[in-house]
Amino acid sequence: MKITSFEVNGRSTYGVVEGEVVIDLIGLAADLDKEFPSSVQKLIEDGEGALHKVEELLERCREGNDFAEYQYSVDEVNWLAPIPHVKRNIMCVGKNYREHAIEMGSEQDIPKNIMIFTKATNTVTGHNQSIPLHENVTEELDYEGELAVVIGKRGRAISSDEAMDHIFGYTILNDLTARDLQKKHGQFFIGKSLDSSCPIGPYIVTKEEIDDPHQLEIRTSVNGEVRQSSSTELMIFSIPEIISILSKGMTLEPGDIIATGTPAGVGKGFKPPRFLKAGDTVDIEVRGIGILTNRLQ
């Protein structure tokens with residue numbers, strides 16, 4: 001199941017993507033006089049019971065054409081981030097691919113222990129949204145294509161064996177980074193937290209749709225040119241490890257988003273570096289999930 005938030009006909013809603021169609025769950029539920037979670041965040045918090053409600057609505061929608069008014073082409077909606085208003089900062093794993101750690105420095109930069117930083121909530125935006133270049137504060141805006149995990153079940157001190165049970169689904173994330181700010185301030189937060197510097201989407205694919213999140217091809221293109229091409233099997237720290245380590249002393253909450261790191265091929269890794277410029281289009285594809293597209297302005 002592919003779940004996302006979007007705007008259509010001047011209102012915000014959320015629904016399920018099936019092929020080239022987006023089904024408005026809020027409108028459909030209201031028409032059928034069904035109680036239903038008011039947002040994707042609420043849907044995740046309500047657990048498996050809420051997903052059963054989604055399935056029931058979809059079955060009614062598939063029965064005939066009575067509910068065609070709640071079905072929209074993917075081309076006519078304005079995509080929002082799947083969770084437009086995240087409750088907490090996006091948690092990110094740094095240097096989780098060996099070759100990326102080397103391109104950013106040397107083999108000595110390959111981490112022995114997991115590196116975690118966060119992106120502020122103001123960074124979140126959606127698929128097909130324009131991204132400001134922030135030319136007044138940075139000259140080195142860079143892309144980072146990543147697989148992201150969406151937590152579905154609250155937990156603390158989660159073991160690696162239990163970690164996958166706490167996942168709601170997976171999505172794609174672009175960890176846009178101002179490299180010059182990162183270097184200037186000697187830490188990640190400022191350079192990672194420019195407004196709209198965290199496109200997420202186009203949707204969350206629920207976990208049962210992905211057989212193994214560690215066997216997914218990931219590719220980033222800029223203006224059609226492939227810059228990053230790798231596989232999630234090359235992560236240094238696996239998803240169960242990431243969840244287990246993060247939760248040792250911190251409670252993970254439904255709707256938390258964890259970016260699992262980017263492979264080699266970022267703009268800074270080229271000689272000379274190839275940072276983003278106005279008019280560039282960035283496409284990030286994760287096999288089995290979709291393509292996240294944004295244009296710099």
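Atom set for the values below is all heavy atoms of this structure, side chains included, hydrogens, waters and symmetry mates excluded.
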Quiz item: Just by distance, with hydrogens left out, do N78 and Q129 show a side-chain donor and acceptor under 3.5 Å apart?
Solution: yes
Quiz item: Please, which pairs that meet ring-ring contact (aromatic ring centres under 6.0 Å, His included) have at least one residue in residues 225-281, sequence neighbours excluded?
Solution: none
Practice problem: Examine the side chains of E55 and H52 and answer whether a donor and an acceptor come within less than 3.5 Å of each other. | Solution: no
Self-check item: Residues, nucleotides or ligands: over 12 heavy atoms within 6.0 Å of E76 CD
Solution: yes
Quiz item: Taking the inter-plane angle between the rings of F36 and Y14 on a 0 to 90° scale, is it parallel (under 30°), tilted (30 to 60°) or perpendicular (over 60°)?
Solution: parallel
Quiz item: Distance-only, no hydrogens or angles: does the R295 side chain make a donor-acceptor pair with backbone N or O of G279 under 3.5 Å?
Solution: yes
Self-check item: Residue pair V93 / I116, side-chain heavy-atom distance below 4.5 Å
Solution: yes
Quiz item: Do T138 and D180 have side-chain N/O donor and acceptor atoms under 3.5 Å apart?
Solution: yes
Quiz item: Are side-chain heavy atoms of S244 and I158 found at a separation under 4.5 Å?
Solution: no
Quiz prompt | Residues in side chain to side chain donor-acceptor pair (under 3.5 Å) contact with Q228, at least two apart in sequence or another chain | solution = T220, T262
Quiz item: Will you find, in the side chains of Y70 and D31, an N or O donor that is under 3.5 Å from an N or O acceptor?
Solution: yes
Practice problem: Please confirm whether the backbone N or O of E162 pairs with a side-chain atom of S159, one donor and one acceptor, at under 3.5 Å? | Solution: yes
Which atom pairs, one a donor and one an acceptor, fall under 3.5 Å between side chains of residues 198-212 and the rest of the protein, sequence neighbours left out?
| residue | atom | partner | partner atom | Å |
| --- | --- | --- | --- | --- |
| Y203 | OH | I289 | O | 3.1 |
| T206 | OG1 | M1 | N | 3.2 |
| T206 | OG1 | M1 | O | 3.3 |
| T206 | OG1 | E208 | OE1 | 3.4 |
| T206 | OG1 | E208 | OE2 | 2.7 |
| K207 | NZ | M164 | O | 3.3 |
| K207 | NZ | D165 | O | 3.4 |
| K207 | NZ | I167 | O | 3.2 |
| E209 | OE2 | M1 | N | 2.8 |
| D212 | OD1 | H214 | N | 2.9 |
| D212 | OD1 | H214 | ND1 | 3.3 |

Self-check item: Check: M91 and K119 side chains under 4.5 Å, non-hydrogen atoms
Solution: no
Quiz item: Between T177 and D142, do the side chains contain an N or O donor and an N or O acceptor separated by less than 3.5 Å?
Solution: no
Quiz item: Salt bridge or not for E59 and R62, using N-O below 4.0 Å?
Solution: yes
Quiz item: When you check the side-chain N and O atoms of T293 and D283, is any donor under 3.5 Å from an acceptor?
Solution: yes
Practice problem: Could you tell me whether the side chain of L51 reaches within less than 4.5 Å of the side chain of I3, counting heavy atoms only? | Solution: yes
Practice problem: Locate the shortest heavy-atom distance separating I236 from K95; write the atom from each residue and the value. | Solution: CD1-O, 3.6 Å
Self-check item: Short side-chain donor-acceptor distance under 3.5 Å, E241 and S238
Solution: yes
